[in-house]
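Here's the structure, in C-alpha cells; my notes come after.
First the proteins, then the strands, lettered A, B, ... as listed; each starts at 1.
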There are 4 protein chains.
Amino acid sequence: MIRPRNAEVGSRVLAAAAAEIEARGYEGLSMDRVAEQAGVAKTTIYRRWPSKAELVVALIGHLRSDVPFEPTDDPRRDLTDLVTAIAANLTATPTSLIADLAAAAAREPRVGESVRALWADRHRAVTAVVAEAQRVGVVLHDVQPAVLVDQLVGPLYYRLLVTGEPLTPDYARSLVRSVLGPEESR
Amino acid sequence: MIRPRNAEVGSRVLAAAAAEIEARGYEGLSMDRVAEQAGVAKTTIYRRWPSKAELVVALIGHLRSDVPFEPTDDPRRDLTDLVTAIAANLTATPTSLIADLAAAAAREPRVGESVRALWADRHRAVTAVVAEAQRVGVVLHDVQPAVLVDQLVGPLYYRLLVTGEPLTPDYARSLVRSVLGPEESR
Amino acid sequence: MIRPRNAEVGSRVLAAAAAEIEARGYEGLSMDRVAEQAGVAKTTIYRRWPSKAELVVALIGHLRSDVPFEPTDDPRRDLTDLVTAIAANLTATPTSLIADLAAAAAREPRVGESVRALWADRHRAVTAVVAEAQRVGVVLHDVQPAVLVDQLVGPLYYRLLVTGEPLTPDYARSLVRSVLGPEESR
Amino acid sequence: MIRPRNAEVGSRVLAAAAAEIEARGYEGLSMDRVAEQAGVAKTTIYRRWPSKAELVVALIGHLRSDVPFEPTDDPRRDLTDLVTAIAANLTATPTSLIADLAAAAAREPRVGESVRALWADRHRAVTAVVAEAQRVGVVLHDVQPAVLVDQLVGPLYYRLLVTGEPLTPDYARSLVRSVLGPEESR
DNA sequence: ATGTAAACGAGACGGTACGTCACGTCTTCTG
DNA sequence: CAGAAGACGTGACGTACCGTCTCGTTTACAT
C-alpha cells in the first residue's frame with residue numbers, strides 16, 4: 001500500500017557514516033556531511049534514526065567484525081591467542097574512535113547499550129576460556145573468573161585510553177602469564 | 001612589571017566550570033555560560049585556556065584532591081586501600097567526564113599529556129606498593145610490576161568505560177586477592 | 001520542490017536592519033541585534049546575506065525608492081528636476097551610510113558591484129536627458145555627454161563626502177546652469 | 001621634575017599607523033597592531049590620542065604631502081595641470097583608503113574636520129586658478145567659481161568612489177575643456 | 001489505470017555553542 | 001610621572017552543528 005523503504009538508502013548512509021567516523025571520530029561525525037556523502041537527504045536519515053546517537057548505535061551493530069576465535073584443548077594457548085588478537089584489533093582501530101565511543105556510551109544510555117554489546121562478544125569469549133582453564137586446573141587461584149577476565153582485558157583498554165602505552169604481543173603474553181603463572185617446565 | 005593575572009578570576013572560572021560540569025556534564029559545559037556564571041569575560045577565559053578541552057584539563061588538575069595515601073608496612077593492606085580508594089574516586093567522578101577526558105586525550109596530544117599526568121600519580125603510587133610487595137615477597141609470581149599495576153588499576157577503568165559494571169569495594173579486594181593470592185590463614 | 005524561503009523573514013530582517021541603521025548608523029548595526037529584533041535566527045540571516053556588508057547592500061537596494069522621473073520635452077527643466085531630486089535623495093540618506101557603502105565597495109568587489117548598480121540608475125537617467133539636450137542643441141559645448149553627467153552628479157557626492165557642504169536646490173540649479181549656459185531671456 | 005614625553009615615541013607611532021593605514025585601510029587599522037609595530041605600549045598611544053579616531057586625525061595632518069603647484073600666467077594650462085595632478089594623486093592613493101577616510105569623516109566629527117582640511121588645500125588651489133581665469137575672461141559663463149571648482153574636482157571623486165571608472169589624463173583634460181570651452185584656435 | 005500514502009530530496013529555519021578580533025580601561029612595575 | 005606590558009570587560013563577528021519544518025516529487029501497492 002505504501003511505498004517501501006529503499007534498502008540502499010540505509011546502507012549508503014551507514015557506509016558514509018562508517019567512513020566519516022573512521023576518518024574523524026564520533027565527535028567529527030556530522031549529520032549534514034553524512035547526508036551529503038551518502039547522497040541522501042538529511043530528513044531521510046532522521047526518518048530512520050531519530051538522532052545522531054541512534055545512527056551510531058546502528059552503525060556499531062554493523063561494524064561488529066569481531067575477533068574470530070576457535071578454542072582448542074590448550075587453555076593457556078587459547079588465552080594467549082585471544083588476548084593477543086584483542087590487542088591487535090584494538091591497536092588496528094583508531095584510539096580516538098574507541099575513546100569517542102566510550103564517551104558517547106557514557107553520555108547516552110542507548111549508545112551505551114550498543115557499545116557494550118560491541119565489546120561483549122570478546123569479553124564472553126575470554127570468559128569461556130578462563131572458565132575452561134579453571135575447570136582443568138590451569139588457573140591456580142581461587143578467584144572469580146569475571147575478575148580474571150577483567151585483569152586480562154582491562155589492562156589493554158587501560159593502556160590504550162589511560163596511560164597511552166603500546167599494546168605489544170609481548171605485553172599480551174605477560175598478562176596471561178601473570179594470571180596463569182609461569183609455564184610449566186617442558 | 002606587567003599587570004599580574006587576577007588570581008580570583010582563575011578560581012572563579014574554575015569554580016563555575018566545576019559547577020557547570022557537575023550539573024550538566026562535559027557535554028553541557030558551555031564557555032559562554034561559564035563566563036557569565038563566573039562574572040568574567042569569555043575572552044579572559046580563552047586568554048588563559050586556549051580551548052574548552054584545556055579548561056577541563058585544568059579543572060580536573062584542580063580537582064585532583066587525589067587519593068591521599070600513606071604506606072604502612074603491610075603491602076597487602078596498602079594495596080587494598082589504594083585500589084579501593086581509586087575505585088571510590090572514580091566512582092565519585094561522573095563517568096562521562098572521565099570518558100570525555102579520554103576522548104579528548106586521544107584526539108589532542110596536548111590534552112593527552114595533561115590527562116595522562118592526571119592519572120600518573122595514582123599509577124605511580126600503586127607501582128611503589130607493588131614493588132614493595134614484591135620486595136618483601138608477598139607477590140608470588142615472577143611478573144613485571146608494571147603488568148601487575150595494570151591488572152590492578154586497568155580493570156577499574158575497564159568496568160567504568162567499557163563494561164559499565166559497578167566498582168564496589170568488594171571488587172577492589174578481589175583484584176588484589178587475585179594478584180597477591182589468598183590471604184594467609186592467620 | 002524545496003521548502004521555499006519565508007518571504008516574511010526577509011522583510012522582517014530588512015525592516016529591523018533599516019530601523020537599526022536609522023537609529024545607530026552603519027557602525028552600530030549589529031547582526032545579533034538585527035536577528036533578535038527581527039525574531040529570526042542569526043544563521044538565517046547569514047544564509048541569505050553572507051556578510052553584514054551584503055545585508056546593507058540589500059537593504060539599500062530595497063530602499064531604492066529611487067528618484068522617479070518622467071522626461072518632458074524640456075531638457076533644461078528635466079535636468080534641473082533630476083539633479084534636484086538626486087540631491088534631495090542624497091540629503092535624505094544619512095551621509096555616513098553613503099560613505100560606508102563607498103568604503104565597503106572599495107574593499108570588497110562583490111559589494112562594489114551592488115553599490116555601483118545602486119547608483120547606476122540615476123546616472124543613466126541623467127545621461128539620457130543630457131543626450132536629449134545635446135540632440136536638441138541646448139548644450140552648447142562640444143563635450144562627451146559622460147563628462148557632463150559626471151559634472152552634474154559628481155559635485156553632489158563631492159560635497160557630501162568630501163567638502164561637507166550642503167546640497168541645496170539652489171546648488172543643483174547652479175550646476176545645471178553652468179552646464180547648459182544661462183537661461184535664454186524669456 | 002616630571003619626565004618629559006619622549007618625542008620619538010610619537011613619531012614611531014605615527015609612522016607605524018601610516019604604514020598600517022596604507023596597507024590595510026582605516027578599517028584595518030588596529031591599535032594593538034600599531035602599538036606592537038611601533039614598539040610602544042598601547043597605554044602610551046592612548047595617553048596621547050584618546051581614541052583611534054584622534055590618532056587618525058593626527059596622522060592625516062602629518063600626511064598632507066600635497067599636490068605642489070606654481071601658477072603661471074596661463075589659467076587654462078594651470079587648470080589642466082592642476083586637475084591632472086589631483087587625478088594622478090588620487091589614482092596613486094589606494095581607493096579604499098580614501099573611501100575609509102570619507103566614511104570616518106562622516107561618522108566622527110573630529111575626523112571630519114581633519115579630513116576636510118586635508119582636501120581643502122587642493123580645493124583652494126583650484127579655486128584660485130578658476131578665479132584668475134574668470135578675471136582674465138577665459139571662463140565664459142556667469143557662474144559662481146565655487147560651482148566650477150566642484151565640477152572640476154567633484155567628478156574625480158565621483159568616478160573614484162561611485163562609478164569606479166578610471167581617472168585618465170584625458171579625462172582630466174575633458175573636464176577642463178568642458179568648463180572653459182574649446183581652446184581658441186591660435 | 002489510477003488513486004493514495006508514504007518515502008525521498010532539498011533546503012529553510014531556530015537554536016546553541018564555538019573561537020576570534022577589536023577597542024578602550026585598568027593595574028603593576030621600572031626607569 | 002612616562003612608559004612597558006599585558007590583563008580585563010565588552011560586544012561583535014562569522015561558522016558549525018543539531019534537529020525540525022515544509023515543500024514538491026516519486027513510487028509501490030491496492031482497487
Notebook entry, point to check: Does any residue of residues 9-16 of chain B have a heavy atom under 4.0 Å from DNA chain E, and if so, which ones, in number order?
Noted result: none

Next item on the list: May I ask you to evaluate whether D:Thr44 reaches the phosphate of F:dA4, defined as a side-chain N or O under 4.0 Å from OP1 or OP2?
Entry: yes

Note to self: Expected output check: what is the dot-bracket annotation of DNA chain E, where ( ) and [ ] are pairs inside the strand (brackets for crossing ones), | is paired with another strand, and pairs are Watson-Crick or G-U under 3.5 Å?
What the structure shows: |||||||||||||||||||||||||||||||

Check: Excluding sequence neighbours, so at least two apart, what forms side-chain contact (heavy atoms from CB on, under 4.5 Å) with C:Ala41?
Finding: C:Thr43, C:Thr44

Note to self: Measure CD1/B:Ile45 against C1'/E:dA17 and give the value in whole Å, please.
What the structure shows: 13 Å

Check: What pairs with B:Tyr157 under ring-ring contact (aromatic ring centres under 6.0 Å, His included), at least two apart in sequence or on another chain?
Finding: A:Tyr158, B:Trp119

Next item on the list: Calculate the interatomic distance between B:Glu54 atom CD and E:dG19 atom C1'; express it in whole Å.
Entry: 14 Å

Item checked: Value in whole Å for how far the C1' atom of F:dG6 lies from CG of B:Asn6 -> 14 Å

Check: Between F:dA28 atom P and A:Glu8 atom CD, what is the distance in whole Å?
Finding: 13 Å

Notebook entry, point to check: Which residues pass the side-chain hydrogen bond (donor to acceptor under 3.5 Å, both in side chains) test with A:Glu54, sequence neighbours left out?
Noted result: A:Arg110

Note to self: If you take any heavy atom closer than 4.0 Å to DNA chain F, which residues from residues 102-113 of chain D end up in contact?
What the structure shows: none

Margin query: One character per nucleotide, please: for nucleotides 13-18 of chain F, 5' to 3', B when the base has a protein heavy atom closer than 4.0 Å, S when only the sugar-phosphate does, - otherwise.
Written below: BBBBSB

Checklist line | A:Arg3 (side chain) and E:dA6 (base): donor-acceptor pair under 3.5 Å | finding: no

Notebook entry, point to check: To the nearest Å, how far apart are A:Arg48 CZ and F:dT20 P?
Noted result: 17 Å

Notebook entry, point to check: Which residues satisfy the side-chain hydrogen bond (donor to acceptor under 3.5 Å, both in side chains) test with B:Arg33, sequence neighbours excluded?
Noted result: B:Glu20

Next item on the list: Output all residues satisfying side-chain contact (heavy atoms from CB on, under 4.5 Å) with C:Ala53, sequence neighbours left out; order by chain, then residue number.
Entry: C:Tyr26, C:Ser51, C:Glu108, C:Val111

Next item on the list: Mind checking side-chain hydrogen bond (donor to acceptor under 3.5 Å, both in side chains) for B:Glu8 and listing every partner two or more places apart, or none if nothing turns up?
Entry: B:Arg12

Next item on the list: Please identify each residue that fulfils side-chain contact (heavy atoms from CB on, under 4.5 Å) with A:Pro94, with sequence neighbours left out.
Entry: A:Glu22, A:Ser96, A:Leu97

Checklist line | Interatomic distance, D:Glu36 CD vs F:dG3 C1' [rounded to whole Å] | finding: 17 Å

Notebook entry, point to check: C:Thr163: what forms a side-chain hydrogen bond (donor to acceptor under 3.5 Å, both in side chains) with it, not counting sequence neighbours?
Noted result: C:Glu165

Check: Which heavy atom of A:Ala106 sits nearest a heavy atom of B:Ala99, and at what distance?
Finding: CB-CB, 4.0 Å

